[in-house]
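Heads up, the thing below is written out as C-alpha cells.
Reminder, nothing fancy here: chain letters follow the sequence lines and each chain counts from 1.
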Amino acid sequence: MKDLNWYFPKSIAEAVDLVQQGKIFPHAGGTGLLSRGFTGINGLVDLSRLPLHYSKIENDSVEIGSMNTYAEAVSVLMKVDPEHILVKSLRNSANTPLRNRITIGGSIAYFPPWSDLMSALLALDADVMLIGENDGQFPVEEYVNDKDVRDKSLIIAVKFNLSNWRSYHYRDIRTKSDYPAFNITILLKQSLNKIEDCRVIIVGTGKKYSRLTNIEKYLINRDVGKINIEEIEKLVEVKFAGKRIDDPEYSSYLAGVELGRGVEQILRGH
Amino acid sequence: MEGVFTVNRKNRKFTFTPDERLLFTLRENGYTEVKTGCQEGECGACLILLDDKPVNSCQVLTASAIGKNIKTVKGIGDLHSPHIVQRAFVETGAVQCGFCTPGMIIATYALLRDNPDPSEEEIKNALDGNLCRCTGYVKIIEAVQLAAERIKNGELE
C-alpha cells in the first residue's frame with residue numbers, strides 16, 4: 001500500500017489550500033479516481049462535507065454545485081425542463097448506483113472518453129466556477145483545454161442557461177450499462193422553417209471531443225425542408241483513436257449515421 | 001486508518017488502508033452479505049445503501065464513508081424477520097443461485113421507498129445496475145411488483 005493521506009477539510013478555503021500544495025487531489029464521488037489509480041497522488045481531500053452540494057435556478061440561469069451526483073442533477077433539471085439535454089444524457093448514463101455516486105465536478109475534472117456529461121456541457125457552452133489558483137468563471141471548453149486553468153483549483157459549480165434548444169443525445173453502447181464508445185449531443189434552435197442555431201459535439205474521438213462546425217454551418221440558416229440527412233452523414237469527419245471498443249473507421253461511419261438520425265429525430269420526431 | 005461508521009444502525013469502528021474500498025472493509029468486518037462481484041460498478045452484487053442511496057460499495061473508498069450511514073441487506077430484514085421485499089423474492093422464485101439477491105433487494109427497497117407504485121419500466125431502470133446470470137429477470141420483476149402491491153395494500157414492511 002502506497003503512502004496516501006486523507007484530509008477532511010471543514011471549509012472550502014481549507015480544501016483549496018490543500019489542493020494548491022500539489023499531488024493532493026480532490027475526492028468527490030471517487031469513481032474516476034478508482035479507474036485512474038493513485039499514481040502521482042500523495043493525498044486525497046474529501047469534499048463531501050463542504051457546501052458544494054447545492055443547486056440554484058434564477059430566471060434562466062442554472063447553477064449546480066460540483067458535489068451533486070448525476071442522479072441529483074437530473075432531479076433538479078426535471079423540475080424545470082424534463083426535456084433538457086442534461087436530463088437526456090445523464091438519466092441514461094452508467095447505471096442507477098453509479099449515478100448516485102458520480103459527481104458533476106468530478107466528472108468535469110476527470111473527463112473520461114465515455115463521459116455523457118461533457119458533450120452536453122460543451123454544447124451548452126456551460127461555465128465552471130473555480131476557486132484556488134484560478135478564481136472565477138471559465139468556459140468548460142477552456143477548462144478542458146487549458147491545464148493552467150485546471151491546475152490547483154477546485155470546481156465549485158457548473159453554470160449554464162436554460163434555453164429553448166431542441167436536443168438529442170446518443171450513446172454508442174452495446175448493452176445498457178456499457179461505457180459508450182462515443183456519444184453525441186445535438187442542440188438545435190428552429191425559427192419558423194429555418195434552423196436558427198445549432199451545436200454538435202462528439203465525445204470519445206481521438207482529440208477527446210470534436211465540435212462538428214461543418215455540420216453546424218450546413219444546418220444554420222437552412223430551410224428545414226431542404227435539409228438532406230445523407231448529406232449530413234457525409235459531412236461527418238471525425239477520427240477515433242485506437243480500438244478502445246470498435247474499429248475507428250467503423251465508429252466514424254456509425255457517428256455519421258447516428259448524427260443524421262439525431263437531426264432527423266429533432267426535426268421530424270422520428 | 002480508523003473510522004467510525006453506522007452500519008445497520010450500529011456504530012462500528014473499522015481499521016482500513018487509505019486506498020481500501022468499502023466492499024472489502026465491510027466483508028472483512030463480518031458483513032459478508034455484501035458480495036464481491038465485478039469490482040467495477042457494473043454488477044450490483046456489492047450494493048449497499050450509503051446515506052440512504054444505493055451505491056456500489058466496490059466504487060466507494062472506505063475513508064470517504066467515515067461517519068456515514070450504511071445499510072446492508074441484513075439491515076433491511078433477516079431470516080427471522082424478513083422484509084416484505086425479501087419475502088416477495090422468495091415467494092416468486094426470484095432467487096436462484098442467490099448471489100445477486102442482496103443487491104437486488106437493496107435496489108428494490110430503495111425503489112419502493114421512493115416510488116411505491118413503479119411501472120415495469122421504472123422497475124427495470126431502478127435495477128439497471130444489478131446483473132443476474134440465472135433468472136432472466138422475469139421473476140425478479142414479478143417479485144418487485146408483488147412487494148409493491150403488498151406495500152400498496154398496507155401490509156407491514
Side-chain angles (χ1 to χ4, degrees), chain A residues 1-10 24-39 41-50 53 67-72 74-75 90-103 106 112 114 171 173-179, chain B residues 1-3 15-24 34 37-69 103-104 106-111 114-115 118 121-131 137:
Chain A
M1 163 55 219
K2 66 174 271 144
D3 266 350
L4 187 67
N5 295 309
W6 275 85
Y7 304 92
F8 300 92
K10 291 188 174 67
I24 297 179
F25 276 48
H27 175 280
T31 53
L33 198 63
L34 286 168
S35 156
R36 174 202 179 276
F38 299 100
T39 308
I41 299 179
N42 292 342
L44 291 171
V45 183
D46 179 68
L47 304 180
S48 67
R49 289 150 180 91
L50 302 180
H53 206 144
M67 281 301 283
N68 279 282
T69 63
Y70 277 15
E72 288 161 343
V74 168
S75 174
L90 300 185
R91 186 172 52 192
N92 294 313
S93 186
N95 57 39
T96 299
L98 285 173
R99 287 193 294 274
N100 283 331
R101 195 67 190 162
I102 302 172
T103 63
W114 51 83
R171 318 175 68 231
I173 49 172
R174 299 295 168 269
T175 64
K176 198 172 180 295
S177 60
D178 257 358
Y179 292 99
Chain B
M1 287 183 81
E2 278 186 347
T15 304
F16 50 89
T17 60
D19 62 348
E20 191 165 310
R21 298 171 188 225
L22 188 53
L23 161 66
F24 299 111
V34 185
C38 67
Q39 299 179 49
E40 291 182 347
E42 295 283 323
C43 75
C46 65
L47 207 66
I48 56 162
L49 293 178
L50 183 63
D51 282 348
D52 284 334
K53 297 272 170 60
V55 299
N56 299 300
S57 56
C58 72
Q59 294 298 297
V60 177
L61 286 166
T62 304
S64 73
I66 291 174
K68 299 197 173 166
N69 276 306
M104 290 285 183
I106 292 275
T108 305
Y109 174 87
L111 166 69
D114 299 338
N115 177 7
E121 200 53 35
E122 286 168 332
I123 294 171
K124 286 179 183 170
N125 281 338
L127 302 186
D128 65 356
N130 296 79
L131 301 182
Y137 303 97

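- A:Tyr179 approaches B:Glu40 most closely through the heavy-atom pair OH-O, 4.1 Å.
- B:Ser64 and A:Asp46 share no donor-acceptor pair across their side chains, judged by distance under 3.5 Å alone.
- For the set B:Leu127, B:Asn125, B:Leu131, B:Leu47, the count of heavy-atom pairs under 4.5 angstrom toward chain A peaks at B:Asn125.
- Closest heavy-atom contact between B:Pro54 and A:Asn100: O-ND2, 2.9 Å.
- Minimum heavy-atom separation, B:Ala63 to A:Trp6: CB-CE2, 3.3 Å.
- To the nearest 0.5 Å, atom CG of residue B:Asp128 and atom CG of residue A:Asn95 are 5.5 Å apart.
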- prompt: Stepwise, does the side-chain contact (heavy atoms from CB on, under 4.5 Å) test hold for A:Thr96 with B:Leu111?
  reply: CA-CA 10 Å; A:Thr96 299; B:Leu111 166 69; over 6 Å; no
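- Residues A:Pro97 and B:Asn56 approach most closely at CB-ND2, 3.4 Å, considering heavy atoms.
- In this structure, chain A has no heavy atom under 4.5 Å from any part of B:Ile106.
- With a threshold of 4.5 angstrom between heavy atoms, A:Arg91 does not approach chain B through any atom at all.
- Side-chain contact check for A:Arg101 versus B:Leu50: some heavy-atom pair is nearer than 4.5 Å.
- Across B:Gly67 and A:Arg49, no two heavy atoms sit closer than the pair N-NH2, 4.5 Å.
- The contact between A:Leu44 and chain B is made entirely by side chain atoms (from C-beta outward), counting heavy-atom distances below 4.5 Å.
- Of the N and O atoms on the side chains of A:Thr69 and B:Lys53, not one donor lies less than 3.5 Å from an acceptor on the other residue.
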